Amino acid sequence: MTDEKRIAVCPGSYDPITNGHLDIIGRTAAQFDEVVVAVVNVSVRKNQPIFGIEERLSFIEEATADLPNVRAEPFAVLVVDFARAIGARTIVKGLRAISDFEYELEMGQLNRMQAPEVDTLYLMASPQYSFLSSSGVKELATFGGDIDSLVPERVARRLKEELTR
Ligand code: ADP
């Protein structure tokens, strides 16, 4: 073993962060010295996020305030390039369903091709969050569904403000 810090990157769009993301981030924080929650900040994506980059970052910072080894940062480059730039050798992703597996397998292979020294670890979603996605929460909020147990309190409030019809 070396003294090198073990840094993990948890990348995503986090539009907005859910309790499922927080479960993966917390479990990653228990295994690594530092966790950087990397929030995609690209304006050319087909689907524009509901929340701007600053607000997505602030939701994460507030929700992870009790985890001293976790911080949130925006990124607009390849995930592996971001990982290299901050000295991380591990990307951590959550897997919910078979559909996640297929997508992540492809992404994982492509990332390995780009940067063989950065590996990806996959954590299985906890059962109580295995159905939970940001897009599902947004859809629920749009039609006035109950989202209070799915996202942090401030996120629920802001989603209702932005989306409730
Ligand atoms: P989403 O798929 O909800 O839009 P992101 O693009 O922000 O989320 O995904 C970031 C990471 O979080 C991905 O690795 C995704 O698989 C993981 N993730 C999202 N929701 C959950 C959940 N409920 N449980 C475990 N992992 C999750």
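One-based numbering, in listed order, for ligands and for the atoms of each. Scope of the values below: all heavy atoms of this structure, side chains included, with no hydrogens, waters or symmetry mates. Computed from a prediction, not measured in an experiment: that's the story for all the values here.
- For ligand 1, the polar-atom distance check against Tyr14 finds a nitrogen or oxygen pair separated by under 3.5 Å.
- Not close to ligand 1: Ser135, with no non-hydrogen atom less than 4.0 angstrom away.
- In this structure, Arg6 contributes its side chain and Gln31 its backbone to a donor-acceptor pair below 3.5 Å.
- The shortest N/O to N/O separation between Leu132 and ligand 1 falls below 3.5 Å.
- Across the listed options Asn19, Leu22, Ile24, Ile24 owns the non-hydrogen atom lying nearest to atom 26 (N) of ligand 1.
- The shortest N or O to N or O distance between Arg96 and ligand 1 is under 3.5 Å.
- For the pair Pro11 and ligand 1, a heavy-atom separation below 4.0 Å is found.
- The heavy atom nearest to atom 8 (O) of ligand 1, considering only Lys93, His21, Arg27, is found in His21.
- Below 3.5 Å of separation, one finds no N or O of Ser130 facing any N or O of ligand 1.
- Between Ser134 and ligand 1, an N or O atom pair is found at a separation short of 3.5 Å.
- Considering backbone and side-chain N/O of Ser133, none are found under 3.5 Å from N/O of ligand 1.
- Phe51 and Phe59 have perpendicular rings, their planes meeting at more than 60° on a 0 to 90° scale where under 30° would count as parallel.
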